[in-house]
Amino acid sequence: MTDEPNAAPAAPGLAGLLPVALSAVLFAGFLALVPQVADGGAIRLAWDWVPTLGIALSFLVDGLSLTFALLISGIGALVFLYSWAYLGRKPEFGRYTLFLTGFMLSMLGLVLADNLIALFVFWELTTITSYLLIGFNHEQADARRAALQALFVTGAGALAMLAGFILLGFTAGSFELSVILAQGEALRAHALYLPILILILAGTFTKSAQFPFHFWLPNAMAAPTPVSAFLHSATMVKAGVYLMARLHPALSGTEIWMWSLTIFGAITAVFASVVALRQTDLKQALAYTTLMALGTLTLFLGQESGYAMTAFATFLIVHSLYKAALFLVVGNIDYATGTRDARILGGLARTMPVTAFAAALAAMSMAGLPPFLGFIGKELKYAGALAVASEPLVVAGAILIASALMLAVAGVVAIRPFWLPPGGAFPRQPRPAPWPMLTGPVILALLGATFGIYPDTLERALVAPTVAALLGSAEEAKPLVLWAGVNLPLILSVATIVLGVTIYAFKLRLRAALARAEAALPSFDAGWDRFLKGLNRVAVWQTRVIQPGVLRFYIFVTFVTVLIGAAGTMLARGALPALPSLSTVTWDGLALSLLIVAGAAIAAVTGSRIAAMAALGVVGIAVAMIFIVFGAPDVAITQLLVETLVVVLVAVALLRLPALDPPGTRDRRPRDAVLAGAVGLTVTLTLLAVIERPLDRSLTDYFETASWVEAFGRNIVNVILVDFRALDTFGEIAVVVIAALSAYALLRTTDKRRPE
Amino acid sequence: MSAIVAGILLLAGALFSIAAGVGLVRLPDVYIRMHAATKVGTLGSGLILAATAVHFAEASVVLRCVLIIVFLLMTAPIGAHMIGRAALRIGIVPWGIDREPPGDR
Amino acid sequence: MSSFAANLVLAAAWAMLFGAFTPLTIVSGFVVGYGVLWLLQPLVGRRSSYFLRVWYWLKLVVLFLYELLLSSIEVLWEVVTPSHISRPAIIDMPLDVKSDAGILLVTNLISLTPGTLSIDVSEDRRTLRLHAMFAEDPEAVRRQLKSGMEKWVIDAVEGT
Amino acid sequence: MSWLLATPLALPFLTGVVAFLLRGRPAGRWISVAGNVALLAAAGLLMARVLQSGVIAGQMGGWPAPFGITLVADYLSAVMVVITAITALAVAVYALSDIGARAEKLGYHALFNFLIGGVTGAFLTGDLFNLYVWFEVMLISSFGLLVLGGRREQIDGGVKYVTLNLISTILFLSGIGLLYGMTGTLNMADLAGRVAAHENQGLITVVAMLFMIAFGVKAAVFPLFFWLPASYHTPAFSVSAVFAGLLTKVGVYALIRLFTLVFTGDTGFTHHILLWVAGLTMVTGVLGAAAQTDIRKILSFHIVSQIGYMIMGLALYTPFAVAGAVFYLVHHIIVKANLFLIAGVADRVAGSTALARIGGLYKSAPLLAVLFLIPAFSLAGFPPLSGFWAKYVLVAAALEVQGWIIAAVALLVGLLTIYSMTKIWAEAFWKAHPDGRDPTLAQLDPGVRRRLLLPVGALAALTLVIGFYPEPFVTFAKDAAAQLLDPTAYVVAVLGDPS
Amino acid sequence: MTATGFLEASTTLGFVAVFIAVGLAVYRLARGPSLPDRVVALDLMTVAIVAFCGLAAIRTGEAAFLDVALVLALVGFLATVALARFAERQQLRREEEAGK
Amino acid sequence: MEALLAVTIGVLVAGAVYLMLARNVLRFIFGLVLISNAANLVIFTAGRLTPGEPPLIPEGADAPVGTVANALPQALVLTAIVIGFGLFAFALVLMFRAYTSLGTLQSDEMRVAEPRDDGL
Amino acid sequence: MNSVILRAGTRYLAPLLLLFSVYMLLRGHNEPGGGFIGGLIGATGFVLYAIACGTAEARRALRVLPQNIAVTGLGIALLAGLAAALFGDALFTGQWLFLGATETEKGLPLSTVLVFDIGVYLVVFGAVLTLVFAMEEEI
Ligand code: NA
Ligand code: NA
């Protein structure tokens with residue numbers, strides 16, 4: 001499963017370099033802000049967006065957001081450059097660039113936003129763009145599956161998070177982060193604190209792929225390698241980490257915050273590094289180490305101490321640098337050989353020395369060897385771990401295991417493919433990568449080394465300001481030093497290296513054991529398939545139950561609803577009528593009622609179409625007679641005419657229609673009869689209740705006085721129809737016209753296949 | 001005077017109307033029932049309308065009543081003819097005839 | 001009946017409907033009648049004048065009403081008596097009347113008068129099939145109808 | 001005043017009449033487009049006037065309310081008319097290339113315009129019985145449009161559509177009769193007062209339930225929506241687009257109108273039931289969609305699901321929530337109509353709407369892909385598209401009143417909506433065409449392509465405008481909600497100042 | 001008994017008669033047995049309603065009801081014609097099908 | 001009298017609903033005719049019944065003399081009857097077409113738009 | 001329908017029905033009748049014609065497509081409603097003209113209301129015939 005990068009190394013159109021320029025300019029711009037921010041001067045910009053909803057496009061540049069912005073734009077520039085060479089000649093490169101640029105800008109918006117809802121908007125924009133990027137190889141089912149998985153899992157979390165944001169905004173009285181962050185005490189004391197926290201963590205944990213929501217991330221490696229490098233080093237997956245850091249001043253400091261982040265972070269870190277070792281696909285191995293890093297970062301954010309925060313800030317940067325570099329390295333290997341299988345790869349140092357060099361530097365940083373920044377990061381991790389509020393040894397132990405495994409993985413990714421003999425034949429003759437694909441890894445790897453040797457710059461420029469953003473004061477930041485003397489962290493570091501090398505040495509045996517262990521464990525990825533299958537099964541089941549395609553069922557439910565709605569309300573609201581007086585009943589009225597009842601009964605039970613029709617005629621005639629008896633000649637005439645036309649039409653139609661019941665069957669439906677009776681009774685009761693009180697006849701009184709005097713008509717009914725309520729009549733004749741046109745069209749339309 | 005004439009006409013009309021109904025139920029076959037419905041029914045209604053005309057004794061009402069009666073006399077036999085013809089073509093053998101009706105083709 | 005006459009008749013009927021023979025109703029009736037006749041041209045053929053037959057018409061009406069009453073009483077009797085005394089038969093009768101009006105009148109009158117009910121007229125308009133309630137002697141029924149009802153109608157409608 | 005109100009109602013009928021008499025000639029089809037341009041202008045004028053002077057009313061025939069029939073436009077009515085005109089114009093243009101000569105000869109353009117007339121009539125009338133009449137105009141036109149073409153599935157879907165809607169019609173009519181029997185009036189503003197003053201409030205609630213069910217069928221809410229998924233995938237694409245956009249919304253509109261103006265005496269009962277209805281409608285609709293494998297069937301079930309959101313806004317019955325419902329209504333008409341139009345284009349170029357039988361559109365028809373993504377992601381509620389703001393307002397409104405469960409349902413259903421939209425995307429756009437074809441827009445005749453894509457593009461642009469610049473729309477929705485929840489202005493505009 | 005009293009009583013009797021006729025027609029309608037039987041019943045009902053309208057006019061003194069009768073007398077038989085034709089055609093179709 | 005009609009309408013509705021629930025769509029049509037009549041009667045009855053006097057203004061008078069029947073419900077019913085006829089006519093033609101193109105009137109067998117194996 | 005009797009009857013009944021329908025239309029404003037009833041009766045005349053003599057014959061007699069009559073009727077009714085605007089009134093306001101009115105007599109009333117009712121008549125007439133003819137032609 002590879003990306004099929006460009007077949008030929010020739011450089012594609014220069015337009016593909018535009019995003020490189022864009023991100024470089026952005027990076028430079030952000031770099032220019034460093035001095036001001038390092039001096040504690042946050043920058044805030046705001047535009048109105050939806051003031052009615054309290055939503056503004058406001059941005060805040062402080063240590064935390066600036067660190068992220070630099071990583072995003074800086075790595076972005078390198079990745080764009082890399083992509084240009086890697087994919088630039090593919091027809092889809094335009095879209096790819098568009099999405100990736102969109103992604104980068106959304107990511108910048110996310111980290112810079114100072115309004116919760118604006119932040120959410122950018123958050124979701126990263127989701128959408130990453131969806132499109134992960135699905136780049138869209139004709140492969142795996143890529144589509146991975147894209148959906150990422151979208152769905154992070155989308156689910158995001159929606160919960162949105163609810164959390166809304167509640168947080170309501171609670172704080174504003175969606176502006178600056179306002180919210182200032183209200184930490186009040187928020188933590190609020191009754192909604194817990195729900196807010198859970199909802200927001202649902203968003204961050206899914207986005208940052210914390211166990212047990214981690215499974216989407218390795219699958220997302222279906223994306224082209226530069227995308228993976230970008231999304232999974234410094235950007236998308238770190239969005240969750242960023243948000244936890246961002247809200248740290250507001251929400252942290254409670255037991256629940258501490259424990260949830262620590263536990264989930266630790267589990268994710270250990271679990272991921274164990275699984276990482278098992279991977280044979282280099283990209284997959286890197287993906288799991290990314291998980292490990294995310295777990296570690298989360299773990300630190302659970303704490304309050306200066307050590308932990310310094311460790312967080314440092315490791316954030318360290319990881320971004322080496323992880324991006326290594327992803328790009330893997331891309332180069334893939335490009336060179338057509339495979340990423342660690343079991344085959346080997347001996348590439350000769351063909352691709354520059355890549356091998358960058359890989360070595362980055363891997364050493366990842367492994368936490370001095371004098372790389374990774375080493376400082378690891379020292380700080382131990383220091384931070386030992387400074388946690390409770391169970392420091394457990395936490396430190398977790399980090400020890402994770403770091404050792406990381407070291408082993410670094411060996412797998414950066415040593416084995418270059419320096420050890422190959423384990424099999426490559427799909428293609430290895431070829432060197434062009435310069436744009438080397439620039440990124442080299443620069444990133446060198447940065448890891450440079451900052452390791454000169455950590456002060458980094459400390460002053462980014463780490464301290466970040467800690468300041470987290471803890472409110474740059475004073476809390478701990479120094480970044482390569483040599484802090486022999487202390488517990490250093491001892492742990494040594495232990496890490498020893499353990500890591502041991503693991504690397506026994507990795508094959510371990511791999512087998514891990515594979516067995518993993519097979520025994522429930523797979524979350526398989527769980528996703530089960531979830532989708534289950535969702536589909538529920539959906540299909542539900543559709544079968546409530547949309548079975550059987551008209552009778554639909555009508556039955558509709559009438560049941562009518563019955564429950566009307567009769568139920570009547571009972572619930574005490575609207576039953578009193579027993580009616582039948583004293584005004586006239587014998588002719590009674591006779592007509594009986595006629596109607598007889599007609600209805602015959603129509604309902606007869607099996608003969610003609611009997612049914614004639615019965616309908618009886619009802620129609622009887623109704624017309626009622627209209628006559630109660631002074632409505634116009635209505636009676638209309639009724640009779642319509643009745644006649646109904647009979648004519650039905651008589652024509654019946655000529656080609658079959659008998660009502662199939663031969664040998666009769667129409668007897670007791671259940672329907674009960675429902676029908678109940679509906680009928682409800683109608684009766686409602687009507688009885690309606691007529692209990694006298695009618696306000698003011699409208700009719702008006703019509704009676706105005707009919708002749710103002711509308712010059714003696715037939716009040718007609719005057720109502722053509723004058724007082726002419727608009728009704730207009731609509732009504734429109735109905736008649738349309739009915740005729742529709743019926744005509746229906747009859748004259750094609751497809752007159754006769755039934756078999 | 002007119003009230004009495006009208007009343008008598010009404011009574012006669014009522015009598016024939018009931019007779020038509022009873023005939024419809026009692027008579028042995030559809031053809032004979034048609035005799036009842038067509039002739040007697042029409043006469044019954046006609047008499048009642050005549051009573052109406054007498055009762056109102058206004059030109060417009062009388063004219064309308066006459067028209068109604070004329071219309072009835074025009075249409076009722078046509079209807080009866082249609083029914084009878086259908087009955088014959090369906091193959092309904094008249095009561096009292098032991099052979100196939102001649103109309104059955 | 002010439003179209004003009006027909007138009008006049010319609011105009012008169014119109015005025016009757018409004019219950020007043022004023023110039024307004026007559027003229028408007030004529031206009032409406034004209035429209036109707038125009039609309040129904042294919043239906044209304046050409047016929048000779050018929051104003052002279054008023055007398056025959058009167059006779060026809062009176063005789064007919066009498067027969068209608070008679071026949072109704074006959075049926076009434078059949079209904080109220082416990083047993084059915086009728087001897088029904090389907091009878092074919094040759095027709096001499098030719099015009100639409102004539103056929104319509106003959107058949108309608110036969111239907112409305114005692115013991116007989118028109119059932120169908122053959123396509124060639126030469127034979128009337130009828131249902132007779134008291135038809136021990138079909139020939140007698142035929143004879144009676146031809147000399148009675150049909151003759152009256154021919155006199156009133158088609159006579160020279 | 002009277003003119004402003006009556007023109008949007010009269011124009012479609014005039015257009016329809018002329019289009020019918022000229023049917024089969026080229027002018028007949030362009031009349032439809034021209035008429036709808038004019039309708040849009042008239043709707044714009046009406047909207048301008050309403051924005052300027054608040055609720056306006058016109059007494060038809062010059063008979064004073066409540067005796068004659070009053071046409072009324074408040075914010076809600078006005079915006080519905082505008083959005084109807086927009087949708088109608090888009091579909092009228094699209095139909096130029098979508099509807100065959102045979103259907104035109106049989107009066108497609110007349111039926112279509114009559115349908116629009118019924119819709120605008122329903123939005124503008126202030127009289128309950130008149131509302132019934134416009135509902136019928138709409139219904140019968142929709143019957144005709146639904147079966148025009150006469151394919152077997154159309155007839156089959158038509159049977160279900162017709163039968164169930166007829167039941168609703170009868171309920172509606174009976175409800176009007178009962179309400180008249182209790183209050184003696186038909187004018188809705190007048191009803192507002194008389195219903196409140198009625199002695200037997202329990203009975204009022206019973207009748208309110210009848211209306212709720214009648215409109216519930218029209219709006220396609222749980223458990224009354226069967227007719228919709230049974231039929232909406234069968235007619236011509238123009239037709240299903242206009243149905244999807246407008247028809248159910250008229251039911252929603254009627255629910256909003258009656259349950260904010262007339263039946264407000266027992267909201268603890270009625271609106272609580274509405275809330276349950278809303279939740280169940282959302283869930284069952286979205287699950288129904290998840291089970292489908294045809295674009296139009298998926299979209300049809302989604303209509304149901306989305307109706308739930310609008311009902312939810314009404315049910316919560318706070319200014320914010322009702323504003324959400326109004327916003328949702330407007331957004332959804334545009335988006336849903338557009339998705340059906342796009343399904344039509346996809347059918348044209350890829351050969352089907354069955355997901356198993358199409359594919360490859362992303363690669364070979366990128367423009368269509370973009371045009372699909374905009375409404376699809378809007379429907380799914382992704383920011384910053386119109387659907388996000390709609391859902392946002394509703395969820396926020398629910399959370400504001402501690403409606404935890406309904407908010408959770410709304411969010412969860414949003415997630416499942418994403419699932420279905422991406423299903424269409426993955427299968428129709430990303431996946432390769434199963435026949436190995438490369439379906440391109442270029443294979444369409446340029447004129448056809450223009451007429452199909454222009455309306456799609458315009459509606460998509462509208463979605464983007466609402467999404468990126470939601471402020472005026474949100475403000476408008478809030479003002480509309482304020483009018484709805486305090487109907488004094490409405491009543492005064494119709495009946496005059498009581499003082 | 002006065003003349004008006006007599007008229008009133010006769011009117012009532014007229015109503016009763018019409019109802020009886022209609023009722024008996026309904027019986028025939030339900031019983032059949034043949035299609036023409038049912039049509040005859042419906043036909044008689046139409047004619048009875050004409051009488052009913054006349055009676056209503058007498059009782060209320062309102063000639064407007066005669067308009068109902070007028071319409072019915074002219075139009076009512078159309079239903080009879082249509083049904084009769086249905087009966088006949090159906091038979092023809094059956095024969096056609098049997099002949100095939 | 002209104003009370004009696006209320007009962008009658010109830011029976012009418014019961015018959016109509018029973019018919020509408022039937023398997024054969026032609027019965028639905030019959031039920032539709034019945035229930036339309038019932039709805040019309042509901043309006044008519046809800047407008048209260050006045051025996052005898054039609055709402056006409058006699059010659060020479062400016063308004064009806066004495067109490068006449070309520071004209072408004074009559075106008076509504078008239079409208080409803082005509083609309084009902086339009087709807088009925090279409091429905092009938094539809095069922096007719098359903099039979100000629102689907103080959104059945106039994107609604108259980110009408111499964112073209114929603115086939116049995118749909119989405120399963 | 002090959003019935004000599006029915007055809008003969010139709011010759012007289014159909015014109016009568018048409019005449020009667022116009023009568024019902026014109027008097028509708030003052031007595032029972034009006035556009036609906038008139039239109040229905042008029043249509044009945046042609047329905048009878050179609051049954052008796054066949055649809056083709058009836059269509060020939062009608063000359064115009066019934067659906068065109070119906071739609072034109074709708075247009076007439078609409079224009080009658082809109083005409084009020086020419087007089088500056090609210091839509092659907094009746095505009096009256098009393099021909100030959102004197103001090104005592106109102107004269108012959110002509111009005112947009114009547115025009116509206118004529119529209120109604122045409123609609124009902126045309127629509128019913130559209131339906132019935134189309135159905136008749138199916139069998
Ligand atoms: Na819809
Ligand atoms: Na929709």
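Just so it is clear: chains get the letters A, B, ... in the order the sequence lines come, proteins before strands, and each one is counted from 1.
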Contacting region of Lys478(D) [heavy-atom separation from chain A under 4.5 Å]: side chain

With a sphere of 6.0 Å drawn around CZ of Arg537(A), does it hold more than 12 non-hydrogen atoms of other residues, nucleotides or ligands? no

Check the side chains of Asp696(A) and Ser698(A) for a donor-acceptor pair under 3.5 angstrom, ignoring hydrogens and angles. yes

Checking Lys363(D) against chain A: side chain, backbone, both or neither under 4.5 Å from a heavy atom? both

Applying a strict 4.5 Å limit to non-hydrogen atoms, the region of Ala572(A) in contact with chain D is side chain

Side chain, backbone, both or neither: which part of Tyr131(A) has a heavy atom under 4.5 Å from chain D? both

Between Trp123(A) and chain D, with a heavy-atom cut-off of 4.5 Å, which part of the residue counts as in contact: side chain, backbone, both or neither? neither

Residue Tyr554(A) versus chain D: region with a heavy atom under 4.5 Å: both

Heavy-atom contact with chain D under 4.5 Å, split by part of Arg725(A): both

Tell me if the centroids of the rings in Phe556(A) and Phe553(A) come within less than 6.0 Å of each other. no

By side chain to side chain contact (heavy atoms under 4.5 Å, CB included) - contacts of Pro472(D) (at least two apart): Tyr469(D)

Which atoms of Val286(D) are under 4.5 Å from chain A, going by heavy atoms: the side chain, the backbone, both sets, or neither? neither

Proximity breakdown for Leu373(D) and chain A, heavy-atom pairs closer than 4.5 Å: side chain

Contact leader toward chain A among Phe377(D), Phe301(D), Phe143(D), where contacts are heavy-atom pairs under 4.5 Å: Phe377(D)

Which atoms of Phe320(D) are under 4.5 Å from chain A, going by heavy atoms: the side chain, the backbone, both sets, or neither? side chain

For Thr569(A) and Thr205(D), does a side-chain donor sit closer than 3.5 Å to a side-chain acceptor? no

Specify which of Leu115(D), Asp266(D), Ile273(D) makes the most heavy-atom pairs with chain A at under 4.5 Å. Asp266(D)

Examine whether an atom of Leu179(D) lies under 4.5 Å from a heavy atom of chain A, and if so say whether it belongs to the side chain, the backbone or both; otherwise answer neither. neither

Contact class of Tyr132(D) relative to chain A, heavy atoms under 4.5 angstrom: neither

Would you please say whether a donor-acceptor pair under 3.5 Å links the side chains of Gln542(A) and Thr284(D)? no

If I measure from the heavy atoms of chain A, does Leu164(D) come under 4.5 Å with its side chain, its backbone, both, or neither? side chain

